[in-house]
J.: 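Structure in structure tokens, see below.
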Amino acid sequence: MSNNFSIAIHGGAGTILRGTMTQALQVQYETGLKQALEAGYKILEAGGSSLDAVEIAVVALEDLPLFNAGKGAVFNNTGSHEMDASIMFGKGLEAGAVCGVSHIKNPVKLARAVMDHSGHVILCGAGAEQFAKMYNITYADEDYFYTEQRYQQWQEAMKEDIVQLDHTEKKYGTVGAVALDRHGNLAAATSTGGMTNKKFGRIGDSPVPGAGTYANNSTCAVSCTGHGELFLRCVVAYDISCLIEYKGLSLKDACDLVVYDKLVKIGGEGGLIAIDKSGNIEMSFNSEGMYRACRDSGGRNDLLIYR
Ligand code: ASP
């Protein structure tokens, strides 16, 4: 067992400006991020698995109305919620994901059950919810996901007939976590409500291994947030891993190249958190801000929102 471990979490990237944030709301965000980070960190400190650490951190964020995942998921075009989530373990490249689920309190838990028990990687919609029943995954009815703020965002989006990332200020409130445990195992998880007013069963990058989430013990673990279509087209999370594996880039150089160059060139706004096999942490974004926090066994302990 090594002494080296680290964790990073995000609560979405986008146009997050100091001027539009109240002191009280900022405290809520900071408290939520800190609780999620500490929940994951404790597991790692005790010698637990990175997979458990990322799951527990994402569950903590899904339970808050502040972020676009679980409780705070955005409304789709029919006034319902369709959530996507994924989890991946770097030891054997195991992965599980769900997309378009409407009645699952913690979609990341269902993604973990898909990984552990289904023999498949991605389950969607009604089938995924049926599978959830077999593994005692907590159901929640539509009312649980109602928040006044998301409802108003949806009303605004419908008026303009647009599909929006989280809300009018272009925030990507998706949540995610990446971790390295004392056993040298990397893991990543991501969970989202997707885009406000989304139609036709739209799915973004978050539940797609390699796009929004990736973990490989020989390279890194990555969780993304941003304009999903562009992140899918850039296969962002796997690209970071490939740049390390095939080109020998450092984690920082790989993240810089993808986030500030490749994504920007095709108009892909957003960011990501990543940890490499040595425990180095990157939290990169090309938007105005990203809710983010990280902590490692070497004493790094950051919680940041703005650029
Ligand atoms: N990437 C997510 C999606 O496109 C949105 C987000 O990160 O907020 O579904």
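Residue indices begin at 1 and follow the sequence shown. Numbering of ligands and ligand atoms starts at 1, following listing order.
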J.: Hey, which atoms in ligand 1 end up nearer than 4.0 Å to a heavy atom of S206?
T.: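 That gives atoms 1 (N), 2 (C) of ligand 1.
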J.: Check ligand 1 against T225 and write out every atom of the ligand that is under 4.0 Å from a heavy-atom position of the residue.
T.: 6 (C), 7 (O), 8 (O)
J.: Considering residues at least two apart in sequence or located in another chain, which fulfil the side-chain contact (heavy atoms from CB on, under 4.5 Å) criterion with V114?
T.: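 With neighbours one apart ignored, the set is V98, S118, L123, F131.
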J.: Classify the angle between the aromatic ring planes of Y29 and F67 as parallel (below 30°), tilted (30 to 60°) or perpendicular (above 60°).
T.: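 Ring orientation, 0 to 90° scale: perpendicular.
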J.: Between G226 and ligand 1, is there a nitrogen or oxygen pair with a distance under 3.5 Å?
T.: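 Looking only at distances, the answer is yes, because the N/O contact criterion of under 3.5 Å is met.
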J.: Out of curiosity, does Y139 fall in the hydrophobic cluster containing Y146 (side-chain heavy atoms, cut-off under 4.5 Å, transitive links)?
T.: no
J.: Within ligand 1, which atoms have a heavy atom of G173 less than 4.0 Å away?
T.: 8 (O)
J.: Out of H10, H227, R202, who is nearest to atom 4 (O) of ligand 1 when you count heavy atoms only?
T.: R202
J.: Atoms of ligand 1 less than 4.0 Å from D205 heavy atoms?
T.: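 Those atoms are 1 (N), 2 (C), 3 (C), 4 (O).
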J.: Pairs of nitrogen or oxygen atoms closer than 3.5 Å, one from E229 and one from ligand 1: do any exist?
T.: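 It does not: no N or O of E229 is found under 3.5 Å from an N or O of ligand 1.
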J.: Would you call D63-K105 a salt bridge at under 4.0 Å N-O?
T.: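 Salt bridge: yes.
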J.: Can you tell which part of M83 has a heavy atom less than 4.0 Å from ligand 1: side chain, backbone, both or neither?
T.: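 None of M83 does.
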J.: Is there a polar contact, in the sense of an N or O pair closer than 3.5 Å, between M195 and ligand 1?
T.: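 No, no N or O pair falls under 3.5 Å.
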J.: In Å and rounded to the nearest 0.5 Å, what is the NZ to CZ distance from K71 to R150?
T.: 11.0 Å
J.: Are E82 and R202 close enough for a salt bridge, meaning some N to O gap below 4.0 Å?
T.: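 Not counted as a salt bridge, because no side-chain N and carboxylate O are separated by less than 4.0 Å.
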J.: Does a sphere of radius 6.0 Å around CD in E148 hold more than 12 heavy atoms from other residues, nucleotides or ligands, not counting ones at 6.0 Å or beyond?
T.: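 Yes, the 6.0 Å shell around CD holds more than 12 heavy atoms from other groups.
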J.: Can you list the ligand 1 atoms lying under 4.0 Å from a non-hydrogen atom of G194?
T.: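 Those atoms are 9 (O).
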